[in-house]
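All values reported here derive from a predicted model rather than from experimental measurement.
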Amino acid sequence: MNTTNKFQKNCGIFYPGVLALSCALCSGASAAEVKTDFSFEAGAGMEHDSNLSIQELDRAQNTGDSAFLLNTDLQGKLTVDEAFTVKGGYRHQWKNYQTFEEFDQRTGTCSVDARYDFTALTLGASAHRADAALDSEPFLTLVQSGVYAGKLIGGRVYLRGALGQRDKNFSDNPLRDAKADIFDGDMFVFFAGAQSYFSLGAGWEREDAASESLDFNGRSLRARLSHKFALAGTENTLQLGGRLSEREYVSEFSLMDTPLDSPNLPWQEPAVTTTDEETRRDLRRTLDASWELAFNEALSVTGKLSHGNHSSPLAGADYDETLASLMLNLRF
């Protein structure tokens, strides 16, 4: 199946509520001013991973590798009378490793977002679907949808809250299939003529998996600084971020009742170092930095560096990882 057919299949079978709302409001605004905008972006580059891992499977390779990256992104926006906006798009990502081909990834994501700007606040609904392949085999389908509300205060502070649901389905690991309820809240503070911002966010999630040993309650805190500035006649964007997340699993786990094995990954060692039952609590800390250098509106180069420290009583989820990448991006 080619990329176009995949896009039509993925986006045509879900999120009818968002699409129906969009059509209804557009049909009632025939006399309003309607604007459309489309963009396409392609990027290619390299990434080095110090410790190959598949977080969704609680697995770490304990060795590094470099990968070739290729991204394509098609986005469209429809604006009706400056108040009602519908956005939609499709993004495809390829990651091919030089040595460990079993970690090669393909991910296609389509999304739709509809929002209306009222005088008091902005209300919206969004939905995303991602289909991921691992080593050229179907791996994971993730669907997430929700509603959100936002409010701009004093022209500089923007508050946003969102409620959503997430559904994960694994092709070869049905015991890991899960549904989750999600809440997120964020505050953005803009400065430098709204070209830069600082944000703080918090999240909560409760995931119910097919296997009770994988049910968890999760909490997260995040912060980000994004600053745009001119240097040597070029536009630069510097971002610094950090994230702290905690997962407390509801039940005790053991080697026998935790579904960790996958035919996609021919691992030699068990992922659990002990069979003693204990409560699982995972803590993940991540710091990241990126620098985008835009030569013009179409061509840019982005370098990224991130380091994650993951602690867990589960051996496959207890590791450190550093990622470094360099991407050349072309926008139309």
Check: F188 ring centre within less than 6.0 Å of F198 ring centre: no
Can you check whether [X] reaches [Y] side chain to side chain, under 4.5 Å on heavy atoms?
{"X": "L305", "Y": "T322", "value": "yes"}
{"X": "L123", "Y": "F118", "value": "yes"}
{"X": "E56", "Y": "R176", "value": "no"}
{"X": "L328", "Y": "L299", "value": "yes"}
{"X": "L200", "Y": "R224", "value": "no"}
{"X": "V80", "Y": "Y116", "value": "no"}
{"X": "M46", "Y": "M327", "value": "no"}

Any donor-acceptor N or O pair under 3.5 Å, side chains [X], [Y]:
{"X": "S50", "Y": "E321", "result": "no"}
{"X": "R284", "Y": "Q55", "result": "yes"}
{"X": "N296", "Y": "R331", "result": "no"}
{"X": "Q98", "Y": "S66", "result": "no"}
{"X": "T122", "Y": "D117", "result": "yes"}
{"X": "N169", "Y": "T141", "result": "no"}

Any salt bridge between [X] and [Y], counting N to O under 4.0 Å?
{"X": "K35", "Y": "E82", "value": "yes"}
{"X": "D167", "Y": "K179", "value": "yes"}
{"X": "R222", "Y": "D186", "value": "yes"}
{"X": "R106", "Y": "D104", "value": "no"}
{"X": "E47", "Y": "K304", "value": "no"}
{"X": "D282", "Y": "R280", "value": "yes"}

When rounded to the nearest 0.5 angstrom, what distance separates [atom1] in [X] from [atom2] in [Y]?
{"X": "D73", "Y": "N329", "atom1": "CG", "atom2": "CG", "value": "10.0 Å"}
{"X": "T234", "Y": "E292", "atom1": "OG1", "atom2": "CD", "value": "10.5 Å"}
{"X": "S220", "Y": "E205", "atom1": "OG", "atom2": "CD", "value": "7.0 Å"}
{"X": "F68", "Y": "K95", "atom1": "CZ", "atom2": "NZ", "value": "13.0 Å"}
{"X": "S245", "Y": "L283", "atom1": "OG", "atom2": "CG", "value": "7.0 Å"}
{"X": "L323", "Y": "D49", "atom1": "CG", "atom2": "CG", "value": "4.5 Å"}

With a cut-off of 6.0 Å (strictly less than), are more than 12 heavy atoms of other residues, nucleotides or ligands near [atom1] of [X]?
{"X": "R219", "atom1": "CZ", "answer": "yes"}
{"X": "K77", "atom1": "NZ", "answer": "no"}
{"X": "E212", "atom1": "CD", "answer": "no"}

Can you see which heavy atom on [X] is nearest to which on [Y], and at what distance?
{"X": "A202", "Y": "L221", "answer": "CB-CD2, 3.8 Å"}
{"X": "D177", "Y": "F170", "answer": "OD1-N, 2.6 Å"}
{"X": "Y97", "Y": "L52", "answer": "CE2-CD2, 3.2 Å"}
{"X": "T119", "Y": "K151", "answer": "O-NZ, 4.1 Å"}

According to a 4.5 Å side-chain heavy-atom criterion applied to Ile, Leu, Val, Met, Phe, Trp and Tyr, with indirect links allowed, do L121 and L152 form part of one hydrophobic cluster? no
Would you verify whether the NZ or CZ of R156 falls within 45 degrees of the ring axis of F191 while also being under 6.0 Å from that six-membered ring's centre? no
Which label fits H227 and F229: parallel for a plane angle under 30°, tilted from 30 to 60°, or perpendicular past 60°? parallel
Please verify the inter-ring angle class for Y319 with H310; under 30° counts as parallel, over 60° as perpendicular, anything in between as tilted. tilted
Checking the side chain of D65 only, and the main-chain atoms of T99 only, is there a donor and an acceptor separated by less than 3.5 Å? yes
Salt bridge (Lys or Arg N to Asp or Glu O under 4.0 Å) for D208 and R206? Distances and angles first, verdict last. CA-CA 7 Å; D208 183 13; R206 178 179 177 84; over 6 Å; no
